[in-house]
2 protein chains.
Amino acid sequence: MEIKTKQQGIKVVADVLDIVGGKWRGQILAHLCDDPKRFNELKTVLNRITSSTLTKELRYLEDIKMVERKIIQDTPMIVEYRLTDHGMSIKDLIYHIVEWGLKHRNTVFGK
Amino acid sequence: MEIKTKQQGIKVVADVLDIVGGKWRGQILAHLCDDPKRFNELKTVLNRITSSTLTKELRYLEDIKMVERKIIQDTPMIVEYRLTDHGMSIKDLIYHIVEWGLKHRNTVFGK
DNA sequence: GGTTTAAGTATCCTGAAAACTACCGGTAGT
DNA sequence: ACTACCGGTAGTTTTCAGGATACTTAAACC
């Protein structure tokens, strides 16, 4: 699938920002870049997120095949979230985002 | 300024998504990548945005030095919005976003 | 038998973003 | 004289993502 018109490109931008945007999804993906994490690990590291919000965001990321939920053990229940193979591809994008973010910070606030 | 800890990196991601996220800012920047545009050109091409919202988003992008407002002529008033030199640097990021977006679309919806 | 841990659900509520509506001053066209 | 275009501003209303709070199931420790 190739990009033929400019409007299509802009649509793609809007779609990606929908995936990675919002208050939490970018952060969740960034945290999962390094290694799988359990529900409460994510909850701790994402300061002030509530269980219900975290659940909702993780379900969304599962639906779009970015994240896998894996039950490691029940009783006590242990669940692990990890990036799918496809999800891994977001690492590069996150790298580019950070790179630009640092450049921007220098430009706007000076060195 | 370098990035030392993971938390710092995640902060940068959140900051960038704050700039480029939301319903309109990414689209506005993407449209300005090619060439400067007038207020009503942007309004037409951004389907269903209102004047007040467009004004607000453009002011924000001006404040963070991404976009320049230039009065070309008054009576009839002609105003042009263009990326600043620094704003141009977002082009690469948008390119990477589109690239990943296309890959993602293929993965999730199949070819 | 009371508390703790893990991974959530269910329900209601709030605040900010965006939409809607109306308006402005000046100009050009019919 | 009337209408439309241009680039907005002002005030109000709607929407909905995310927050707050309480509850659940099942085992395990004290």
Side-chain angles (χ1 to χ4, degrees), chain A residues 10-11 13-32 35-64 66-83, chain B residues 10-11 13-32 35-64 66-83:
Chain A
I10 306 244
K11 175 73 163 51
V13 171
D15 288 350
V16 172
L17 291 175
D18 206 53
I19 291 168
V20 91
K23 187 166 177 183
W24 298 114
R25 293 201 277 246
Q27 291 185 64
I28 292 171
L29 291 170
H31 275 290
L32 292 177
D35 38 59
K37 292 219 164 31
R38 293 167 56 180
F39 186 86
N40 279 337
E41 279 185 280
L42 282 171
K43 209 185 152 184
T44 302
V45 84
L46 297 166
N47 213 16
R48 307 210 173 277
I49 196 171
T50 60
S51 293
S52 48
T53 300
L54 180 54
T55 300
K56 203 176 4 145
E57 302 296 0
L58 287 169
R59 293 289 173 274
Y60 171 81
L61 292 172
E62 277 182 87
D63 287 345
I64 62 168
M66 293 293 294
V67 163
E68 269 170 5
R69 178 179 188 268
K70 196 171 175 187
I71 297 172
I72 302 296
Q73 167 192 310
D74 36 273
T75 74
M77 197 163 196
I78 293 180
V79 178
E80 204 175 73
Y81 292 92
R82 62 170 70 219
L83 295 182
Chain B
I10 300 211
K11 176 71 164 49
V13 171
D15 287 351
V16 173
L17 291 175
D18 208 52
I19 291 168
V20 92
K23 187 165 177 184
W24 298 115
R25 283 180 216 155
Q27 291 185 63
I28 292 171
L29 291 171
H31 274 291
L32 292 178
D35 37 60
K37 293 221 164 28
R38 293 168 58 180
F39 186 86
N40 277 338
E41 279 184 281
L42 283 172
K43 208 185 154 183
T44 302
V45 84
L46 297 166
N47 213 16
R48 306 209 174 279
I49 197 172
T50 60
S51 292
S52 49
T53 301
L54 181 54
T55 301
K56 201 174 8 135
E57 300 297 0
L58 286 169
R59 294 290 172 274
Y60 172 81
L61 292 171
E62 277 183 86
D63 287 346
I64 62 166
M66 292 294 295
V67 162
E68 268 169 6
R69 178 178 187 270
K70 196 169 173 186
I71 297 172
I72 303 295
Q73 166 193 310
D74 36 272
T75 76
M77 197 163 195
I78 294 180
V79 178
E80 204 176 72
Y81 291 92
R82 62 171 68 218
L83 296 182

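Side chains are part of it too, since the values below use all heavy atoms of this structure and drop only hydrogens, waters and symmetry mates. Here is how names work: the chains are called A, B, and so on, in the same order as the sequence lines, proteins then strands, and each is numbered from 1. Please read all numbers here as calculations on a predicted model, not as lab measurements.
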If you look at every heavy atom in [X] and [Y], which pair is closest and at what distance?
X: Leu17(B); Y: Val20(A); answer: CD1-O, 3.2 Å
X: Ile10(A); Y: Ala30(B); answer: CD1-CB, 3.6 Å
X: Leu46(B); Y: Ile28(B); answer: CD1-CG1, 3.6 Å

Distance check needed: [N] [atom2] versus [X] [atom1], whole Å only.
X: Ile78(A); N: dA7(C); atom1: CD1; atom2: P; result: 7 Å
X: Met77(A); N: dT24(D); atom1: CE; atom2: P; result: 18 Å
X: Leu46(B); N: dG8(D); atom1: CG; atom2: P; result: 14 Å
X: Ile71(A); N: dA6(C); atom1: CD1; atom2: C1'; result: 12 Å
X: Lys43(A); N: dA7(C); atom1: NZ; atom2: P; result: 10 Å
X: Leu17(B); N: dA17(D); atom1: CG; atom2: C1'; result: 16 Å
X: Lys37(A); N: dA6(C); atom1: NZ; atom2: P; result: 16 Å

Self-check item: Salt-bridge contact Asp15(A)-Lys11(A) (side-chain N to carboxylate O under 4.0 Å)
Solution: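 Lys11(A) and Asp15(A): salt-bridged.
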Self-check item: side chain to side chain donor-acceptor pair (under 3.5 Å) contacts touching residues 39-48 of chain A (sequence neighbours left out)
Solution: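 Side chain to side chain donor-acceptor pair (under 3.5 Å) check on residues 39-48 of chain A returns Lys43(A)-Ser51(A).
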Quiz item: Counting N and O atoms only, with roles assigned by atom type, does the side chain of Gln73(B) sit under 3.5 Å from a partner on the main chain of Pro76(B), one being a donor and the other an acceptor?
Solution: yes
Practice problem: Select from Thr75(A) and Gly22(A) the residue whose nearest nucleotide in DNA chain D is closer to the 5' end of that strand. | Solution: Gly22(A)
Quiz prompt | Pairwise distance CD(Glu68(A)) to CG(Leu58(A)) - rounded to 0.5 angstrom | solution =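 So the gap between those two atoms works out to 13.0 Å.
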Practice problem: Would you give the length of the straight line joining atom CH2 of Trp24(A) to atom CD1 of Ile49(A), rounded to the nearest 0.5 angstrom? | Solution: 5.0 Å
Quiz item: Would you say a side-chain N or O of Arg69(A) is under 4.0 Å from OP1 or OP2 of dA7(C)?
Solution: no
Quiz item: What residue among Lys37(A), Arg69(A), Arg38(A) forms side-chain hydrogen bond (donor to acceptor under 3.5 Å, both in side chains) with Tyr81(A)?
Solution: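 Per the side-chain hydrogen bond (donor to acceptor under 3.5 Å, both in side chains) rule, the option paired with Tyr81(A) is Arg69(A), out of Lys37(A), Arg69(A), Arg38(A).
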Quiz item: Going by the salt bridge (charged side-chain N to carboxylate O under 4.0 Å, His left out) test, which pairs reach into residues 17-27 of chain A, not counting sequence neighbours?
Solution: Arg25(A)-Glu57(A)
Self-check item: Any residue of residues 47-64 of chain A with a heavy atom less than 4.0 Å from an atom of DNA chain D
Solution: Thr50(A), Ser52(A), Thr53(A), Lys56(A), Glu57(A)
Taking N or O atoms only and anything under 3.5 Å, show me the protein contacts with nucleotides 23-25 of chain C, one pair per line.
none

Self-check item: Glu80(A): salt bridge (charged side-chain N to carboxylate O under 4.0 Å, His left out) partners, not counting sequence neighbours
Solution: Arg82(A)
Practice problem: Could you identify which residues of residues 23-30 of chain B place a heavy atom less than 4.0 Å from some atom of DNA chain C, listed by residue number, or say none? | Solution: Lys23(B), Trp24(B)
